[in-house]
Amino acid sequence: MAEASAGHATIIQDWASDVTTFKGVPWGKAMMWIFLLSDTFIFSIFLTSYMTVRATTAEPWPNASEVFSLMAFGHSVPLLLIAIMTFDLITSSGTMALAVNYGYRRDKRKAIFFICATAFFGAVFVGMQMFEWYKLISEGVRPWGNPWGAAQFGSCFFMITGFHGLHVSAGVVYLLIIAYRLHKGVYDKTNFEIVEIVGLYWHFVDLVWVFIFAFFYLW
Amino acid sequence: MAQAEIPYQESMELHHPHSWVTKYWYSQDHKVIAIQYGITAMAVGLVALVLSWIMRMQIGFPETGAAWGITPDIYYQSITMHGMIMVIYLLTAFLLGSFGNYLIPLMLGARDMVFPFVNMISYHVYLLSVIVLLLGYVLPGGPTGAGWTLYPPQAILSGTPGVDWGIITMLGSLAIFIVAFTMGGLNYVTTILQARTRGMTLMRMPLSVWGIFAATVLGLLAFPALFVSAVMMLLDKLIHTSFFMPAIASAFDAAATQYDGGSPLLFQHLFWFFGHPEVYIVALPAFGVVSDLLSVHARKNIFGYRMMVWAIVAIGVLSFIVWAHHMYVAGMHPYFGFFFATTTLIIAVPTAIKVYNWTITLWRANIKFTVPMLFAISFVITFVVGGLTGLFLGNVIVDVPLSDTYFVVAHFHMVMGVSPILVIFGGIYHWYPKITGRMLNDTIGKWHFWVTAIGTYLIYFPMHYLGFVGTPRRYYDNVLASGGESAFYPESAALLNAGISITAFVVGAFQFLFIYNLVVSYWRGREAGPNPWGATSLEWRTPQTPPIHGNWGDQLPTVHRWAYDFSVPGEKEDFIPQDVPRQA
Amino acid sequence: MAVAIFLLVLVVGSVVFTFVSPWWFTDIASNWGTIDTTVLITFWVCGVVFVAVGLFMAYSTWKFRHQEDSRAEYEPENSRLEWALTIVTTIGVALMLAPGLIVWEDYVNVPDDAQEFEVLAKQWTWAFRFPGEDGKFGTVHVRNINVDNPFGMNPDDPNGADDVLINRNEVHLPINQPFKALLRSNDVLHDFWVPEIRAKMDAVPGMITYFWFEPTKVGKYDILCAELCGRGHYTMRGEFFIDTQEDFDSWLAAQPTWEQMQAGISPKVYSALARRGREVADTQGCFACHSLDGSQVVGPTWQGLWGSERQLTDGSSVTVDEPYIIESIREPAVQLVEGFAPVMIPYGADLISDDDVEALVAYLREETSPEEEAAEE
Amino acid sequence: MASEVGQQHPLTLYFWIWGLLFVVSAASYATDYMEAGYLRWFLILAFMLIKAGYIVAIFMHLKYERWALIYALLLPPLVILILVYLMATEADYTWLTRVVYFGDDPYPARGPMPGAH
């Protein structure tokens, strides 16, 4: 039924109406969307700053493809770990989508299971990121310099992935709290929109990674 | 869909406090939080006032100032802290944290903000940010003296006061403030969009709410730029990354050689990408509130309500693409001047429309010169001066000789220093009866008004002309440095500065009279009754004055009309509140 | 009534103030009269609007003050009026913007016959560079800066050899010749500004900025720093001379080129500590205000300083020795030399370490004590 | 009351999108083996936008929200594009002055890479 009432004519109708502007959107969800919009600006500006310093510096920019390569089966495979991390995060996004779906079916057991699965994949992501940091640091990359060129390479890398990693970590904690509270029956009186709200946050974290992957690792 | 039609707030569970601590400290009531914000902002504002005295002392009487122990360090620290406190911790916090919190739910007919708990945390985080900011005064090296714009490399290199701890507490405090603002701001926006009472469409909202709404949205989208640049500058300072730091040969900072390849201009762009919307974060709520004050006390509807709303929206949108007009002589790409001068002058059009509509509201009105109205009128004329001088500085080539002079100081004090503060005063005189149930003392109020309005004009108007002469801003001493008179600072200018300083001392002292009024009227003030001004908006329609937690009785009010039905022809009363039904 | 009078007085007062006040632009000394014109256009357009709005408000507040028997008019909207005002405002804005953009076009496009000179800003002094006979600047980099190479000249760049280097707060330019000022900074943001020229621009470390102008009036002007650059910002002053072409040529010819400077570096043998002291003096920009050749700049000369007798502002006199020099660095205003303003900022321990001060003292002893000079001769 | 309010969609939709995201990610990863150039940059951006679009539209259910919300969320980020464009211009200009006046190498060779060991 959502599609049925979603024509362009509804824009003016909705904005001109009383009580709620976003029809059918609970308070928590509206607030999460607005927060994510604000957060979008934070990551956009991180990435814009990265673009600016990279374009400004006259030092050579290290080749991400080589920096982030790993040895596998006797070959050097570019961006191997990053690719695995990407797939891991997509997997977690999928499980999250399922959790939301089961949430709205009021299937508490399955919803909790998939939330926990999401949290697990999230934790794995953070673990892999820690490994990646460890590897880079042991190769001499520091926020203030690296052996191959512009110092901003390390600065941007640690700052952007660090900030994203913080979001993921916070998301894992958030997911586990929601799972626990679902289990305790805190949300039994509602229609479990809380699962969708935490889902929005989680998908956003995945979304940010898509941009980081494209701009930092591939470009 | 059926469910969405029922306002959530009817079933909203409110956390009713019992002990003193939960009632006044850990309170989730938006009205208490508003007052907490207000008192904290005023307290920190008094610090800024004292700082302004220190710098005016030095500017007006350089020899006496130096003899009294005002060193260049203290001077630069004072201007920095004064600027930052006024812009962020007083004006933003007061207009959004205090007015926003108090007015949004009451004017919209809601019981509280949508997430009262988050709202409560917002205040406490704000308080923390203020404490961290003031910590700069007790930590080694004192607060930062980098100027409120905190431009790197200067802000983090020795040679500027406060590079030990001051700059760290400053940046940390800003980051904390942004967290606090975000928590509050999400509440304001969600409440306005999703928790209005029946009949309250967006186009029936009082302009106060519109101004606060637009400003909050701007804040949520602009503060990220400041947050990110604060993070990057902290990294530059603490672990020597080079985001904003190019290769540097500093005579004073041996560590500066570690930097290479960064871009100082990046910081300026990010700072003003935040900083220009910030101007409107302060201005738009003031625009909104003053529209309501003018309308109520002129007993006339605000002229051109729809145009006013669209002007607010247009200003909000445009404010994101004008930022680099602060950077015309910053050495950015030369062709940016064309783009930013054009967008900046376009933004003047909706702003001018607002001014016209305020003045036309006075035409054929029935103006009562109450204290709030006096402040509202003086706002308009002050804002006209500040806005027009903005056209000088926004027009790129005109800005060239005037930037970094006293003309700029005069302009921004008129437009976003004095103007919003006049509105804050007007707003307090206007809503104090609602908040406490008592009127503020009228005689003291009038004294306060006349000294403030005349005094601020005398302070700032002549400053424009110092700017024409070429007196630079942020100079600890204009005379000593030249060893005598110079073309850009003739002796007459020194005399003028002394006069300005004396005026500033007097005007500043009169603000304490205002605080005395606030305190004493709380016990001694005349009983106000529920609607002393004969206003139409919902906050005057609560069953109790002051409103209790939850604001309304069993039923939320239903809105039937806009907020400006004053002097409607054929009606007995000269005002009709919003929740009075229309005759069939 | 009071409000109406207040508004009226305010408007009339502002207008009167404008005409009687002694403060207006300094006499222009460059080609940028067009900038003044755009300011004037803006001034008049804005002035008219200010007076109109102010008088309208004064009239309204007088005429429509509260009366018990009267009522306000109910007039929510008036589309025609609102649109008319919008259009008029837009026209007014365009009237100000158009000339502004035309002059800006002129401002950012340097004429072909402009010569170049470079302004090097550093905390808190100025230095200048001319491209020399070949008309080309050598490249420079902060990395090259050291005591023997204060401009950071690239030693491998042949274009730099004949660059003329002026490492003090003074520059001369010839009249009626367009110049492009290239602005460079060693450390933080500065802004090269001579009010009589009107034009200004920030000097940004890590890049080169520019503006251009044509000097049109012979004279001596002040150089200011217009961008906050630390605690010594207000002391960052220089002298700007507009000369006739002949005067300028002879002045320029007397300045050292990079080649000459390299050849003349360190003819004197210093102790290790004094060599360090010389480096400190150079990086701290001491020579911007203190000369070694006896010429009086902003501060007292250092020629023959050590052991000499100095007359102080309070009438007493003092013999220059180690404690006096240390005090003059740490607390310069305490014992001020007669005839000088207390311009120098106190160099506390956070600006110069005790070790560096010791080195400076050693340098001054070796450089300026009369015995040494006598021995040399 | 609950079921028709939330975002209720068949599970197969999610599996489809899930699979597509894997495929597009793999394609996106494959661009790393291409020569640098406009085609590669185009493909990086294209795959990025496709992935982002799927996540926002389907997983975050934005496609099924009313237009009022969709526009409220998608229009504000446009100002970021202006910032990006201007900052790219600005950065290029700064870089140019460094090359011209500081003698920095416009096409610096990349240093030795860790891939070798």
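For the numbers below, each heavy atom of this structure counts, side chains included, while hydrogens, waters and symmetry mates do not. Letters A, B, ... mirror the listed sequences (proteins, then strands); counts begin at 1.
Each of B:G331, B:P246, B:P334 has some count of heavy-atom pairs under 4.5 Å with chain D, and the biggest count is that of B:P334. Contact count against chain D (heavy-atom pairs under 4.5 Å) is highest for B:G261 among B:G261, B:A247, B:A324, B:A225. Note: D:L83 leads D:L83, D:I82, D:T94, D:I80 in heavy-atom pairs under 4.5 Å with chain B.
No side-chain donor-acceptor contact under 3.5 Å links B:R198 to the backbone of B:V559. No donor-acceptor pair under 3.5 Å is formed between the side chain of B:S242 and the backbone N or O of B:G262.
With sequence neighbours excluded, the residues that form a ring-ring contact (aromatic ring centres under 6.0 Å, His included) with B:F274 are B:F223, B:F271.
Taking 4.5 Å as the limit, some side-chain heavy atom of D:L86 sits within range of a side-chain heavy atom of B:F340. For the pair B:V309/B:M205, no side-chain contact is recorded, criterion being any heavy-atom separation below 4.5 Å from C-beta on.
For the side-chain hydrogen bond (donor to acceptor under 3.5 Å, both in side chains) test with B:H325, the passing option among B:T343, B:T344, B:N395, B:D399 is B:T344; the others fail.
At a heavy-atom cut-off of under 4.5 Å, chain D is reached by no residue from residues 182-193 of chain B.
Contact annotation for B:F339: only side-chain heavy atoms (C-beta onward) come within less than 4.5 Å of a heavy atom of chain D.
With a 6.0 Å radius and a threshold of 12 heavy atoms from other residues, nucleotides or ligands, D:Y54 has its OH atom at or below the threshold.
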### Message
Let's go through D:Y71 and D:W67 carefully: what are the C-alpha distance in whole Å and the side-chain angles of both, what is the deciding distance for ring pair (Phe, Tyr, Trp, His ring centres under 6.0 Å) to 0.1 Å, and is it a yes or a no?
### Response
CA-CA 6 Å; D:Y71 276 107; D:W67 284 103; 5.5 Å; yes

